[in-house]
Amino acid sequence: MPTQVPWLIFLLPFIAFLFISLVLRPFLNKRPRLGGYVTIGAVGISCALSLWVLGAVISAPGHILLIDDIEWAVIGNLNIHIGVLVDALTAVMVVVVTFVSLMVQVYSQGYMKGDPGYLRYYAFMSLFTACMLGLVLANNILFMFIFWEGVGLGSYLLIGFWFHKASAANAAKKAFIVTRLGDFGFLAAILILYAQTGTFDTETLYKLVAAGTLAGTTLTWVAIGIFSGAAGKSAQFPLHVWLPDAMEGPTPVSALIHAATMVAAGVFLVARFYPLFEHSSEALATVAIIGAFTAIFAASMGLVMHDIKRVLAYSTISQLGYMMLGLGVGGVAIGIFHLFTHAFFKALLFLGSGSVNHGTGTFDMRLMGGLRKAMPWTYITFLIGSLSLAGIWPLAGFWSKDEILVAAFGNNPVLFGLAMVTVFMTAFYMFRAVFLTFHGEYRGGAQPEHAGHSDSHSQGPHESPGVMLIPLVILAVLAVCAGWINVTGFFSQLMGHGEAEGAGFLTGFFGVLAHPLPLISLIVAILGIFLAYAMYCARWVSAEKIGSAFKPVYIMLSRKYWLDELYENVIVKTILYNGIFKVMAMFDSSVIDGTVNGAARGTAAAGAALRKLQTGQTQLYAISIAIGAVAIAVCVYLFS
Amino acid sequence: MFSVGLDQYLILSALLFCIGLFGVLTQRNVIKIIMCLEIMLNAVNISLIAFSRYVTPVTLTGQIFAIFVMVVAAAEVAVGIAIIFAIYRERESVDIENFDILKW
């Protein structure tokens, strides 16, 4: 494989972005569909190249292929390199990113059709994908940080794509600022690393950690700093608040953010610096605990949401918690395997919800119902995605989730318990969404004021065009099969650079059910689905009655534990705005301005006092001169 | 015996300078002040010429300098008297204490 291939994977989407923004948008604005073709072409080639790279990595010894390095800038002693690192982790990530991005962009052709910002949309999509690929491929932490922020920028632009809506603009700002809070930790970690080791290079850092040069408290703090960046991007508690609001962007953007790019960046970052975490048990424990807590915490909020995209958003946060838990208790293979399978079924679910929105004009599940007849393809693919997410054998989600559960069981029973409860919740809220959306009677679709995506839904719900269904079908196939690549432990071996890494419970396609834990989790998931069926489809139990019986809990969940209010009213308004910022404003107006004004006033006062010396009496001046001259003469006489 | 050398010239020059300075500092009449100023200038001229004669007898630098001082002094007196006239027309006085417009 030529060394240019990994570079091209990153450069093609980036060139597509430049081409659309510099050529198509200024000169060919009348033919917006060209932008879609350019982007899809670029990402398609990238995807093909990624598969080539993956193939080469699989056959390479140790599953590490190349580290291509170019000197980029020299500032004094600081020598900054730019380069690509291609190992198993990178290869899997580029395949996931380019593939999901390709599916999303094909789908967007239908979803975004006729939008006045069509070209802008594709330009941003290319930029977003390019930054994510750059992050995945970069071989040093400095360039990772640059692309990391690029991903943040891309998400800001895309979440706020319909910036004329105030809610979208606010959501974009929220996403950017909340993730920046986490990035602060990441930046601090980079600075500590550089101060301690003098290098940005990933491989060198691995070696330093393995040699024990970088260890102890410093290493723990570095790892926790990196994790704080990851927690911001991957929406871990307490920085998860931006993700549900990010639903304000176009639905394909949500699919891309949730499946392959933005949130995967955090998990990828922890995986990339896993050797650092490995040597610090405190850091690993932090990752595992935050992950497990986020999983159950977000899942509980997903139980009561009415907006289908919000259910999926909380599901994503919860699944990201699983991935972090997997990284914390198991290793790279377990966490990334879940990221890998999750990318397919979550992209599928989001694109499915977009298709539902396309057909009905709303995201509110209370206004849907009975769509399985009107939208059979969407229904089947959405159902497959839900089953996969719920972890039903033998779909993709089952394999990755159960590996995490087994690893958690071996590590800490409390974490395992949290994860198991989350399995139940996941199955319940996903099938609540399925039953509310696709079963029962149609409940009217969009009210006029709800109509966000103004399409022809006057004739009732209708199936989406083929260009939207094809990606759904492809993703549905993958949501079924993607988990099978680890049935033989192949994926674990790939991630472990030749040595099997992972929980090691996999004993074949059917044999896995002989192991007690997967069987238990499967039963728990089926119970969750059954409860959802009982409440929302068969209606043996009234959901409203349960809601009113547990009213305080229901209110707490639907108000998202008041965290938004806590952040906004208490932290931002009271502590920051009325507290710290007020003090700073006072410091600015009294101390800083006071110094400047005081200097001016002091000078004026000194002038007022001194000018009294100028009496206008010439002889007074003359005598001063004479006395001065005499004084100089005396001094010269005395001291020479 | 009483011989005249450089010292005597310098003493004379210093005496004249001090007389002039005393006059400049104590007199109220502006005309007198200008006259005292001339005495000071001439005191300097004496020392210049004395140095020229006793220290560098070949070159005439000191003499030339003294002539310059006289020329400048003449010009200065002309301008000075003109200013005094102008102020006198304004204030009907040549007392230096009344010449205090240029203060704070």
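Just so it is clear: chains get the letters A, B, ... in the order the sequence lines come, proteins before strands, and each one is counted from 1. Just so it is clear, the model here is predicted, and its values are computed rather than measured.
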Query - With B:Ile34 via side-chain contact (heavy atoms from CB on, under 4.5 Å) - residues at least two apart - result: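 Checked B:Ile34 against side-chain contact (heavy atoms from CB on, under 4.5 Å); matches are B:Val77, B:Ile84.
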**Report entry** Engaged part of B:Leu21 at the chain A interface, taking heavy atoms whose separation is under 4.5 Å
**Finding:** side chain
Query raised in the report: Considering residues at least two apart in sequence or located in another chain, which fulfil the salt bridge (charged side-chain N to carboxylate O under 4.0 Å, His left out) criterion with B:Asp100?
Result: B:Arg91, B:Lys103
For [X], I'd like to know if atom [atom1] has over 12 heavy atoms of other residues, nucleotides or ligands within 6.0 Å.
{"X": "A:Tyr156", "atom1": "OH", "result": "no"}
{"X": "A:Phe14", "atom1": "CZ", "result": "no"}
{"X": "B:Tyr54", "atom1": "OH", "result": "yes"}

**Report entry** B:Ile33 vs A:Gln619 side-chain heavy atoms within contact, under 4.5 Å
**Finding:** yes
Query raised in the report: Which residues in residues 176-194 of chain A have any heavy atom lying under 4.5 Å from a heavy atom of chain B?
Result: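 The stretch does not come within 4.5 Å of chain B.
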Query raised in the report: What residues of residues 621-640 of chain A sit under 4.5 Å from chain B when you count only heavy atoms?
Result: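 A:Tyr621, A:Ala622, A:Ile623, A:Ala626 fall under the 4.5 Å cut-off.
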